[in-house]
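Have a look at the structure below, then the notes.
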Amino acid sequence: MSNWVIEKRPRLSQLTTLLSGPRLESFTMTNSPTRNEFSMHRWSELFIPTLREAPADAEVASHKFLVRAGYIRQLAAGIYSYLFLGNRSFNKIIGIVREEMDKIGQEFYLPALHPRELWEASGRWSVMGDALFRLKDRKGADLCLGMTEEEVMTDIARKELRSYKQLPQIWYQIQSKFRDEPRPKAGLLRVRQFMMKDSYSFDIDAAGLDVSYQKHYDAYRRIFDRCGLKYMIVEALSGAMGGSESHEFVVCTPAGEDLIVSCEKCNYAANMEKATSRLAAVEDLAPERDGKPLEVHTPGQKTIEDVARFLGVSPKNKIKTLALIVNEVDTKTGKPKARDLVVLLRGDHQLNEAKLSTALAGKESRPMQEDEIKQVFHSPAGFLGPLGLSNVAKTKNGVFGEGVILLVDKALEGRANLISGANKADYHLKNVTPGRDFEPTEYADLRSVNGGEECPNCGAPLRIDTAVEIGHIFKLGYKYSESMGARVLDRNGKEVTPIMGSYGIGIERILTAAVEQNNDENGFWLSPTVAPFEIVVTPTNVKDEKLMSTALKIARQLEKAGIDVLLDDRDERPGVKFKDADLVGIPFRVTVGKKVTEGTVEIVQRSTREIHDASIDAVAEYCQKLLRPAR
RNA sequence: CGGGGAGUGGCUCAGCCUGGUAGAGCACCUGGUUCGGGACCAGGGGGUCGGAGGUUCAAAUCCUCUCUCCCCGACCA
């Protein structure tokens, strides 16, 4: 019997003895250079259920390949099990995150199950709506599953932090998070349970927060670099409540759901919720007659395009009028109340709901119903405009006064002789000039950027890409520390509220993005730093003792060199083994085949398909050289 | 929540329209021949046809209800 059979891993019965015995610590399963013979990873003994075909319900590449490669299996909509390979890759990603985070902060492990009271203290019990998983315990008390851990972290801070001397603090954890997504999709891209690294910083002042923020910015770059991702850092919306700065780390891929605006020339990049652009000048129409608003008959012309065509003008000279209702809370009674909101945009522009929400200090809005429109405009939809609105609200110190809120996009500021609806069926108005014919409550940036518009920094054309968000950092400000009552004494013995930052990384999104970024028709490849194994050693025929002993020898050499190696010792035809090796994401393959008689084996790079011949004794050295750039 | 689609062996699917008691390919098990890109031959195991109710002598197939999954939209610090 050849020696490789003798050295097989112990059977389960032996294993039990080993695990209960004193050698427990030597039987670890991680990538350890001191691994013993027992821990050699042999494909024939592992559970790596590869599939020839993708499941019918998989659409995006990462979903298809992660299932086919035996990384994951679906348990329910948006809930996945990670099998052996998936978990290994996962743990490597987490390892990198942990190493880099440990350089700037301290790891905690917090509960996933939170009491209602905590989320009521921050106000998010009601704000989060259906996205929050809620449950009751046996006593009927309300609990929820954490989506993020601002509340828990801030709770610790408010109970423990007393003095400026204890600041700054950066606390992080790596934990399952739960979100009851209305529509989970695309495999691991949008799920209901996911692993997240989340960290929180507590500083005495804004300058301190800047430092904590920058530390995260730098750590995130190191993390994503080490994971081998090609990513972008873009400006993001910091939220309506007190936030001042925010960046998203994104990977561009058609499977993504975020829209990213970036400049082709300079380094300007922002997500759609935040992006702005410089607009090319538009020529205003010449005034007609006396230049005052003038009714024109426009029978049945309801859409912007209809009217523009009918009157022979560009949509850029038209005002788009949107009728909305804002949900407010009455400051006196504390009861919810609805308020009319009219938004004006240039005819060819689209409303950006995130920007609108910012302009409304975070309040939610919805389109008006037909009867509400009638009541406010005394006109059917399709012919709405700002003129004739009664009781338009004024702004005092940034606060809206009583009346209808009229928000006008900045692209309309300074324009003249525009066309708007006349608030009368089948009529529009010419010569409408903002500031003269009507006074807005406020001008604001409310529109979405279109591809091809000019970069706000340098004027070069902007492009729009879809992307996956893999990390997000932002300055929270005082939102949680204030509402939950975290206070410390400063240098002067005065009580102050610490300023916070919050920072997240989606662990499965790193894996997903990597697969999206690196795949072909046969499978995908990962950076050696996050691949479940760095090298797979593939003897083409396991019944050939010469091949098999050589393969085993090489695998041992590689392990001794500290390389994470998988030995494909299955009694399968070479084609099957090659196909599987191509599929499962391992970046290098050592093929032990017919060239062994000449004393060489092949080293195949999965990404490029480059083949290098190496002499059997020099394989380890060669592989180390290949792996070095990634490590 | 609105619209669309799909649930039949582990995977991909056929059968349903026109009811007669379930099939293919792959995977799996045994034996044999093979062995550098998902082999071949022979034999074999495996299915409450998503669930419940109804119609019928008889239901994967027709009817009603329901559950689940996928896609588009709404939604999404």
Side-chain angles (χ1 to χ4, degrees), chain A residues 47 49-60 63-64 67-68 70 73-80 119 122-124 127-132 146-151 177 179-187 189-192 194 196 198 200 236-243 246 248 257-259 271-274 353-354 357-358 362 364 366-367 469 472-477 479-480 500-504 506 521-523 538-544 547-548 568 570-584 589 591-596 601-602 604 609 611:
Chain A
F47 182 61
T50 58
L51 300 174
R52 196 181 286 237
E53 286 169 287
D57 52 18
E59 293 259 318
V60 299
H63 187 194
K64 287 180 186 167
V67 172
R68 281 191 57 200
R73 288 294 184 263
Q74 185 177 42
L75 182 64
I79 306 177
Y80 285 85
W119 282 67
S122 72
R124 292 209 294 176
V127 170
M128 290 327 310
D130 290 336
L132 190 63
M147 308 172 75
T148 56
E149 310 265 337
E150 276 86 354
E151 284 80 2
K177 300 291 187 305
R179 255 176 231 196
D180 195 356
E181 289 286 346
R183 190 149 93 80
K185 59 185 283 197
L189 230 39
R190 172 174 291 246
V191 287
R192 294 193 290 172
F194 55 99
M196 186 173 170
D198 51 319
Y200 305 87
L237 206 62
S238 47
M241 311 282 271
S246 173
E248 266 181 19
E257 300 186 289
D258 277 19
L259 290 175
N271 72 11
M272 187 55 90
E273 299 183 340
K274 165 95 179 184
E353 290 179 34
S357 170
T358 304
E364 287 183 19
R366 62 163 176 85
E469 177 185 356
H472 198 162
I473 58 178
F474 69 97
K475 297 182 178 176
L476 265 184
K479 181 179 175 186
Y480 295 89
M500 290 176 61
S502 132
Y503 319 86
E521 66 279 4
N522 293 311
T538 308
T540 54
N541 183 352
V542 298
K543 284 178 180 150
D544 182 324
L547 289 190
M548 197 55 216
D568 189 355
R570 294 175 301 167
D571 184 10
E572 291 285 355
R573 295 165 63 83
V576 173
K577 294 162 81 157
F578 293 156
K579 287 286 184 192
D580 270 346
D582 284 352
L583 175 62
V584 298
R589 183 180 83 213
T591 308
V592 182
K594 54 197 172 194
K595 288 181 189 163
V596 163
V601 293
E602 288 172 358
V604 186
R609 300 233 173 252
I611 299 175

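Source: prediction; values computed, not measured. Residue numbers begin at 1 in each chain, while the letters A, B, ... track the order of the sequences.
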At under 4.0 Å between heavy atoms, what does [X] touch on the DNA or RNA strands: base, sugar-phosphate, or nothing?
X: Ala58(A); result: nothing
X: Pro49(A); result: nothing
X: Met272(A); result: nothing
X: Thr148(A); result: base
X: Ala581(A); result: nothing
X: Ala56(A); result: sugar-phosphate

Answer yes or no: is there an ion pair linking [X] with [Y], defined by an N-O contact shorter than 4.0 Å?
X: Lys185(A); Y: Glu59(A); answer: no
X: Asp544(A); Y: Lys594(A); answer: no
X: Asp568(A); Y: Arg589(A); answer: no

Which heavy atom of Glu149(A) sits nearest to which heavy atom of Asp198(A), and what is that distance?
CG-OD2, 3.2 Å
Just the rounded figure in Å: distance from [atom2] of [N] to [atom1] of [X].
X: Lys185(A); N: C75(B); atom1: NZ; atom2: C1'; result: 12 Å
X: Leu75(A); N: C69(B); atom1: CG; atom2: C1'; result: 13 Å
X: Lys543(A); N: G32(B); atom1: NZ; atom2: C1'; result: 11 Å
X: Asp571(A); N: C35(B); atom1: CG; atom2: C1'; result: 9 Å
X: Leu259(A); N: C76(B); atom1: CG; atom2: P; result: 15 Å
X: Asp130(A); N: A77(B); atom1: CG; atom2: P; result: 13 Å

From Met147(A) atom CE to Trp119(A) atom CH2, the distance as rounded to the nearest 0.5 Å:
6.0 Å
Can you check whether Gln74(A) has a side-chain N or O nearer than 4.0 Å to OP1 or OP2 of U68(B)?
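No.
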Looking at the side chain of Arg190(A), which of A74(B), U12(B), C76(B) is the nearest nucleotide?
C76(B)
Report, as a single string ordered 5' to 3', how protein heavy atoms within less than 4.0 Å touch nucleotides 36-44 of chain B: B base, S sugar-phosphate only, - not at all.
BBBB-----
